Amino acid sequence: MAESALSMDLGLCLSLLVTCSLLYFLIQFIRLIMADSDLTLQWAEYFGHTPESKLGHNVVWVTGASSGIGEELSYQLAKLGCPLILSSRRENELLRVKQKCLEISSLEDQDILILPLDMTQMSMHKEATEKALQHFGRVLQHMIERKRGRIVNISSAVGLIGAPLSTGYSASKHALQGFFNSLRTELTTYPDIIISNICPGPVQSNIVENALTEECDKVLSIKTDQSHKMATERCARLVLITAANNLKETWISGQPFLMGYYLWQYTPTWAWWLTAKVGERRIKNFKSGVDADSSYFTKKSK
């Protein structure tokens with residue numbers, strides 16, 4: 001009798017354990033399907049620190065602030081009360097962004113410094129840093145002196161995944177990933193200097209048009225339906241959540257792109273096969289004058 005009861009109890013416990021495990025994995029699978037970021041970032045959004053509690057009033061230097069993710073980050077940081085240094089090549093666009101930052105926040109004119117900067121011109125970096133230091137008294141290399149600071153690198157999905165028609169862009173983002181991952185290991189004696197690599201997928205912006213215009217002397221007529229891409233506001237918010245929670249690397253994208261990150265991370269053989277299939281359609285769309293990313297959402301013509 002006792003042995004029979006014990007056997008029944010063990011069977012019940014085992015059944016309960018299996019049921020709970022299946023339920024857990026089902027919940028995680030549903031979260032993944034509905035997600036617009038990796039599971040760690042999702043957890044941080046719901047249960048971690050908020051940008052409002054961790055980032056407010058820190059001096060932030062935003063490069064690429066004249067458009068896209070950089071522009072939206074500037075607005076959200078301004079609302080948090082962060083003094084800003086805004087940099088890009090287009091000074092007139094920076095002035096526009098500054099004006100909006102002042103309109104939507106409590107910042108005053110002296111709280112936002114406009115610093116036109118071409119990141120490819122190394123000779124400009126020292127002068128720009130000196131101007132920033134003169135204005136605010138701290139940035140960049142002074143993190144080591146203070147033994148604390150935060151560097152947020154906006155990489156890309158193609159910093160992890162080689163994508164067709166993005167060879168140059170992908171190479172530059174792979175380089176950024178390698179640089180900042182290596183730098184992080186060099187700063188292990190400074191645990192309060194945090195480096196975050198953020199890898200967004202497709203985000204609503206003018207990046208395609210700008211890339212083509214920079215490469216050519218004329219604007220090419222490319223149809224860019226961006227309805228399938230993540231809103232810039234949402235991406236910027238997730239960037240700030242990453243920073244507020246000191247996450248080392250985060251993936252920001254909706255489906256089906258987010259699944260691609262996991263395939264490349266855990267099943268690279270399948271990922272190679274899928275990328276080749278997608279690449280064929282991207283190239284076909286591009287040659288037809290259509291936004292290449294729409295290959296994921298349009299049916300193949302017969």
Side-chain angles (χ1 to χ4, degrees), residues 49-155 172 176 179-180 183-184 186-187 190-198 205 210 232-233 235-246:
H49 301 293
T50 64
E52 289 77 9
S53 67
K54 285 293 182 178
L55 303 181
H57 307 292
N58 287 304
V59 176
V60 181
W61 191 339
V62 183
T63 59
S66 62
S67 64
I69 298 173
E71 178 179 353
E72 181 58 33
L73 278 172
S74 300
Y75 299 147
Q76 295 194 24
L77 288 165
K79 291 178 181 178
L80 295 179
C82 297
L84 297 172
I85 305 165
L86 304 180
S87 291
S88 77
R89 290 172 296 177
R90 299 177 293 173
E91 184 172 5
N92 61 324
E93 290 297 303
L94 291 176
L95 291 170
R96 175 185 60 80
V97 173
K98 176 178 179 177
Q99 182 58 39
K100 184 172 180 179
C101 287
L102 294 173
E103 292 172 359
I104 63 176
S105 72
S106 60
L107 296 179
E108 299 181 357
D109 186 76
Q110 66 271 18
D111 296 323
I112 303 178
L113 175 64
I114 297 294
L115 257 184
L117 178 64
D118 185 344
M119 294 295 289
T120 65
Q121 301 298 316
M122 300 295 291
S123 59
M124 299 177 65
H125 293 186
K126 183 177 180 181
E127 181 182 357
T129 302
E130 289 174 351
K131 288 181 179 179
L133 285 170
Q134 186 178 14
H135 192 87
F136 287 114
R138 59 193 193 273
V139 256
L140 299 178
Q141 70 266 31
H142 288 250
M143 292 180 184
I144 292 180
E145 294 178 7
R146 296 186 299 120
K147 296 185 178 180
R148 63 185 300 270
R150 182 178 285 109
I151 299 173
V152 178
N153 164 43
I154 304 297
S155 181
S172 67
L176 280 175
F179 177 86
F180 283 108
L183 180 61
R184 188 188 293 113
E186 295 173 4
L187 295 174
Y190 301 92
D192 291 326
I193 297 180
I194 309 300
I195 297 177
S196 299
N197 284 332
I198 299 175
S205 72
N210 289 340
T232 315
E233 295 84 355
C235 180
R237 178 65 182 179
L238 291 172
V239 168
L240 296 182
I241 292 170
T242 297
N245 289 277
N246 296 337

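On a predicted model such as this, the values are computed, not experimentally measured, just so you know. Sequence positions, counted from 1, serve as the residue numbers for this chain.
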**Q** Establish, from distance only, whether the side-chain atoms of Gln134 and Glu130 form a donor-acceptor pair under 3.5 Å.
**A**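 No, no side-chain donor-acceptor contact under 3.5 Å.
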**Q** With sequence neighbours excluded, what pairs up with Thr50 under the side-chain hydrogen bond (donor to acceptor under 3.5 Å, both in side chains) test?
**A**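 Listed in chain order: Ser53.
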**Q** If we only count heavy atoms from C-beta on, is the Leu80 to Leu240 side-chain gap below 4.5 Å?
**A**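 Yes - at least one pair of side-chain heavy atoms lies under 4.5 Å apart.
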**Q** So Ile151 and Ile194, do their side chains get closer than 4.5 Å, heavy atoms only?
**A**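 No, every pair of side-chain atoms sits at 4.5 Å or beyond.
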**Q** Does a side-chain N-to-carboxylate-O contact under 4.0 Å join Glu52 and Arg237?
**A**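 Counted as a salt bridge, because a side-chain N and a carboxylate O are separated by less than 4.0 Å.
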**Q** For Glu93, give me all partners under side-chain hydrogen bond (donor to acceptor under 3.5 Å, both in side chains), at least two apart in sequence or on another chain.
**A**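 For Glu93, the residues satisfying side-chain hydrogen bond (donor to acceptor under 3.5 Å, both in side chains) (neighbours in sequence not counted) are Arg96.
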**Q** With sequence neighbours excluded, tell me which residues meet side-chain contact (heavy atoms from CB on, under 4.5 Å) with Ala236.
**A**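 Residues passing side-chain contact (heavy atoms from CB on, under 4.5 Å) with Ala236: Glu72, Leu73, Gln76.
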**Q** Which value, rounded to the nearest 0.5 Å, describes the distance between Ile112 atom CD1 and Leu84 atom CG?
**A**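 CG of Leu84 is found 5.5 Å from CD1 of Ile112.
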**Q** Do Leu95 and Ile114 have side chains that get closer than 4.5 Å, going by heavy atoms?
**A**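 In contact.
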**Q** Contact between Asn153 and Ile198 at the side-chain level, heavy atoms closer than 4.5 Å - yes or no?
**A**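 No, every pair of side-chain atoms sits at 4.5 Å or beyond.
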**Q** Applying salt bridge (Lys or Arg N to Asp or Glu O under 4.0 Å), name anything that partners Glu127, two or more places apart in sequence or on another chain.
**A**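 Only Lys131 meet the salt bridge (Lys or Arg N to Asp or Glu O under 4.0 Å) criterion with Glu127.
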**Q** When rounded to the nearest 0.5 angstrom, what distance separates CG in Asp111 from SG in Cys82?
**A**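 It is 10.5 Å, given to the nearest 0.5 Å.
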**Q** Taking only residues two or more places apart in sequence, or in another chain, which ones meet Ser74 in a side-chain hydrogen bond (donor to acceptor under 3.5 Å, both in side chains)?
**A**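 Not a single residue meets the side-chain hydrogen bond (donor to acceptor under 3.5 Å, both in side chains) criterion with Ser74.
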**Q** Using the side-chain hydrogen bond (donor to acceptor under 3.5 Å, both in side chains) criterion, which residues pair with Asn246? Sequence neighbours excluded.
**A**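 Expected list: Arg150.
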**Q** Considering residues, nucleotides and ligands other than Gln110, do more than 12 of their heavy atoms fall under 6.0 Å from its CD?
**A**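 Result for CD/Gln110: enclosed.
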**Q** Is the shortest heavy-atom distance from the side chain of Ile241 to the side chain of Pro51 under 4.5 Å?
**A**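 Yes - at least one pair of side-chain heavy atoms lies under 4.5 Å apart.
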**Q** Output, in order, the C-alpha distance, side-chain angles, deciding distance and verdict of salt bridge (Lys or Arg N to Asp or Glu O under 4.0 Å) for Arg146 and Asp192.
**A** CA-CA 10 Å; Arg146 296 186 299 120; Asp192 291 326; over 6 Å; no
